[in-house]
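Residue indices begin at 1 and follow the sequence shown. This is a predicted model, so every value here is computed, not measured.
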Amino acid sequence: MTSTDSSGTSAGTQAPAAAQKPAAKDPWDLPDVSGMVVGVLGGTGDQGRGLAYRLARAGQKVIIGSRAAERAQSAAAELGLGVEGADNAECARRSDIVIVAVPWDGHAKTLEALREELTGKLVVDCVNPLGFDKKGAYALKPEEGSAAEQAAALLPDSRVTAAFHHLSAVLLQDEAIEEIDTDVMVLGEARADTDIVQALAARIPGMRGVFAGRLRNAHQVESLVANLISVNRRYKAHAGLRVTDV
C-alpha cells in the first residue's frame, strides 16, 4: 500500500518540477518581410513617394496608390525599380502591408472609402495631424486621440499600426543618399504586427524600427513632427531621431 502526504503526492515520489517559462523572445528577432507587397496610399505625395522609393530600392515590391490611377502610374514610372501604380482601391487589394501617407485633411475620407479593401490588411499609418500659422507648425489632436487611433476606429477589421512619422521626405527622395540615419518609432496592439513593421523599416539601409508602445501613445509621436520642423528651420537640417541604449 502506498501512502500519500498532505499534498497528495505519493510517498517515495517527487513532485514534478515547476514548468519552466519559455525564454523571452529576442526583441531584435524580426520576421523576413522581403516577399511582402507594400502599398503606399498617397504615394504621389512627397512622403509617400519617398517611402516607396526607399523600399523599392531595398528590393521590396511596391505599389503606389492614388485617387487617380493615371497619376499613380506616372509617379511609378518616374521611380522605376519595379514600382507599380494603381488607384487606391486596387493598391489596397493587392498589398500585404498598406502604408497610409495621405494628407491629414483627407485621412478619414480615404480610409472610410477603403474599409472593405483594407479588411484583414496590416495598415501602417504615418500621418501627422498638423496645423500651420505664422508661428510655425503645431500639433492637432483628433477626436479619437491621434491619426492612428482614428484609423483603428474607421478600420475595425484591419490590423492598424503607426510608424514612419519622423522621416525627411527630402532625404528619402535624394538618390545620392545611400543610408537614412534614423530610427522609426513603431506603435501597435499586436507584437506580431509591430515586428513586421520594424522589419520593414530595417529593410532601408541606416534605418531601424523600435517598438514605442500601443496606439494610445501615438499622439505624442505624431506631434513630435512639429518640433522637428522647428529644428529643421532653425538649423537648415533634415533632422531624424535615434533612440539610445537599445
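- By the rule that hydrophobic residues join a cluster once side-chain heavy atoms approach within less than 4.5 Å of another member, Val124 and Leu51 end up as members of one cluster.
- Side-chain atoms of Thr182 come within 3.5 Å of backbone N or O of Leu241 as a donor-acceptor pair.
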Step by step, would you call Val37 with Val62 a side-chain contact (heavy atoms from CB on, under 4.5 Å)? CA-CA 6 Å; Val37 178; Val62 177; over 6 Å; no
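- A distance-only check finds no donor-acceptor pair linking the side chain of Asp96 to the backbone of Met36 [under 3.5 Å].
- Taking every heavy atom of both residues into account, Thr44 and Ala72 meet most closely at CG2-CA, 3.9 Å.
- Summarising the local packing, CD of Glu112 is surrounded by more than 12 heavy atoms from other residues, nucleotides or ligands at distances under 6.0 Å.
- The distance from atom CG of Leu155 to atom CD of Glu117, rounded to the nearest 0.5 Å, is 10.5 Å.
- By the 4.5 Å heavy-atom criterion applied to side chains, Leu55 and Ile99 are counted as neighbours.
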Show every donor-acceptor pair shorter than 3.5 Å between a side-chain atom in residues 24-31 and any protein atom, with sequence neighbours excluded, or say none if there are none.
residue	atom	partner	partner atom	Å
Lys25	NZ	Asp29	O	2.8
Lys25	NZ	Asp195	OD2	3.2
Asp26	OD1	Trp28	N	2.9

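- At distances below 3.5 Å, at least one donor-acceptor pair connects side-chain atoms of Gln198 with backbone N or O atoms of Gly209.
- Judged purely by atom type and a 3.5 angstrom limit, Asp87 uses its side chain to pair as donor or acceptor with the backbone of Ala89.
- Cluster annotation: Trp104 is connected to Leu215 through the hydrophobic network of ILVMFWY side chains, with a link wherever side-chain heavy atoms come within less than 4.5 Å.
- When all heavy atoms are compared, the tightest approach of Ala239 to Asn232 is N-OD1, 2.6 Å.
- Side-chain contact, Tyr53 with Arg49: no donor N or O sits under 3.5 Å from an acceptor N or O.
- A pairwise comparison of heavy atoms in Ala148 and Glu222 identifies N-OE2, 3.0 Å as the closest pair.
- One hydrophobic cluster, built from ILVMFWY side chains closer than 4.5 Å, cannot hold both Val127 and Val40; they sit in different ones.
- A donor-acceptor pair under 3.5 Å links the side-chain atoms of Thr119 to the main chain of Glu116, judged by distance alone.
- Side-chain atoms of Leu154 and Arg115, non-hydrogen and from C-beta on, do get closer than 4.5 Å to each other.
- The minimum heavy-atom distance between Leu81 and Ala56, with the atom names listed, is CB-CB, 3.9 Å.
- Using modelled atom types, no side-chain atom of Lys141 and backbone atom of His219 make a donor-acceptor pair closer than 3.5 Å.
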Run the side-chain contact (heavy atoms from CB on, under 4.5 Å) check on Val100 and Cys126 step by step: do they pass? CA-CA 6 Å; Val100 181; Cys126 69; over 6 Å; no
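- Listed by first then second residue, pairs satisfying salt bridge (charged side-chain N to carboxylate O under 4.0 Å, His left out) with a partner in residues 143-157 number zero, not counting sequence neighbours.
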Check the pair Leu114, Leu41 against side-chain contact (heavy atoms from CB on, under 4.5 Å), reporting the backbone distance first and the verdict last. CA-CA 10 Å; Leu114 297 172; Leu41 304 180; 3.6 Å; yes
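- Taking 4.0 Å as the cut-off between side-chain N and carboxylate O, Arg57 and Glu175 do not count as a salt-bridged pair.
- In this structure, Met207 is not a member of the same hydrophobic cluster as Val225, with clusters built from ILVMFWY side-chain heavy atoms closer than 4.5 Å.
- At most 12 heavy atoms of other shown residues, nucleotides or ligands fall within 6.0 angstrom of atom CZ in Arg67.
- The distance from atom OG of Ser223 to atom CG of Leu130, rounded to the nearest 0.5 Å, is 7.5 Å.
- The salt bridge (charged side-chain N to carboxylate O under 4.0 Å, His left out) test applied to Asp181 returns Arg242, not counting sequence neighbours.
- Using modelled atom types, one side-chain atom of Ser95 and one backbone atom of Cys91 make a donor-acceptor pair closer than 3.5 Å.
- Scored by the side chain to side chain donor-acceptor pair (under 3.5 Å) test, Arg54 finds no partners at all (sequence neighbours excluded).
- The side chain to side chain contact (heavy atoms under 4.5 Å, CB included) test with Val33 singles out one residue from Val38, Ile196, Leu122, and that residue is Ile196.
- Within a 6.0 Å sphere centred on CZ of Arg208, heavy atoms belonging to other residues, nucleotides or ligands number more than 12.
- Rounded to the nearest 0.5 angstrom, Leu172 CG and Ile204 CD1 are separated by 7.0 Å.
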Tell me, with the steps shown, if Val186 and Phe211 meet side-chain contact (heavy atoms from CB on, under 4.5 Å). CA-CA 5 Å; Val186 180; Phe211 176 71; 5.5 Å; no
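- Here CD1 of Ile97 is found 5.0 Å from CG of Leu200. Values are rounded to the nearest 0.5 Å.
- In the hydrophobic clustering of this structure, Leu224 groups with Tyr138; members are Ile, Leu, Val, Met, Phe, Trp, Tyr whose side-chain heavy atoms approach within less than 4.5 Å, directly or through other members.
- Between Glu84 and Lys61, some side-chain heavy-atom pair lies under the 4.5 Å cut-off.
- Heavy atoms only, all atoms of each residue included: Gly85 and Ala76 are closest at N-CB, 3.6 Å.
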What side-chain donor-acceptor pairs closer than 3.5 Å can you find for residues 161-168, not counting sequence neighbours?
residue	atom	partner	partner atom	Å
Thr161	OG1	Val123	O	3.0
His165	NE2	Asp125	O	3.4
His166	NE2	Val221	O	2.7
Ser168	OG	Val170	N	3.3
Ser168	OG	Leu171	N	3.2

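- With sequence neighbours left out, Arg216 forms a salt bridge (charged side-chain N to carboxylate O under 4.0 Å, His left out) with no residue at all.
- Summarising the local packing, OH of Tyr235 is surrounded by 12 or fewer heavy atoms from other residues, nucleotides or ligands at distances under 6.0 Å.
- No donor-acceptor pair under 3.5 Å is formed between the side chain of Asp46 and the backbone N or O of Ala169.
- Once rounded to the nearest 0.5 Å, the distance linking NE2 of His107 with CG of Asp105 reads 11.0 Å.
- Side chain of Ser158 to backbone of Leu118: a donor-acceptor contact under 3.5 angstrom is found.
- Closest of all the heavy-atom pairs between Lys121 and Ala92 is CE-O, 3.2 Å.
- Interatomic distance, CZ of Arg93 versus CG of Asn88, reported as 10.5 Å (0.5 Å rounding).
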Begin with the C-alpha distance, continue with both residues' side-chain angles, and end with the deciding distance and a verdict on salt bridge (charged side-chain N to carboxylate O under 4.0 Å, His left out) for Arg159 and Glu189. CA-CA 8 Å; Arg159 297 141 52 206; Glu189 300 303 315; over 6 Å; no
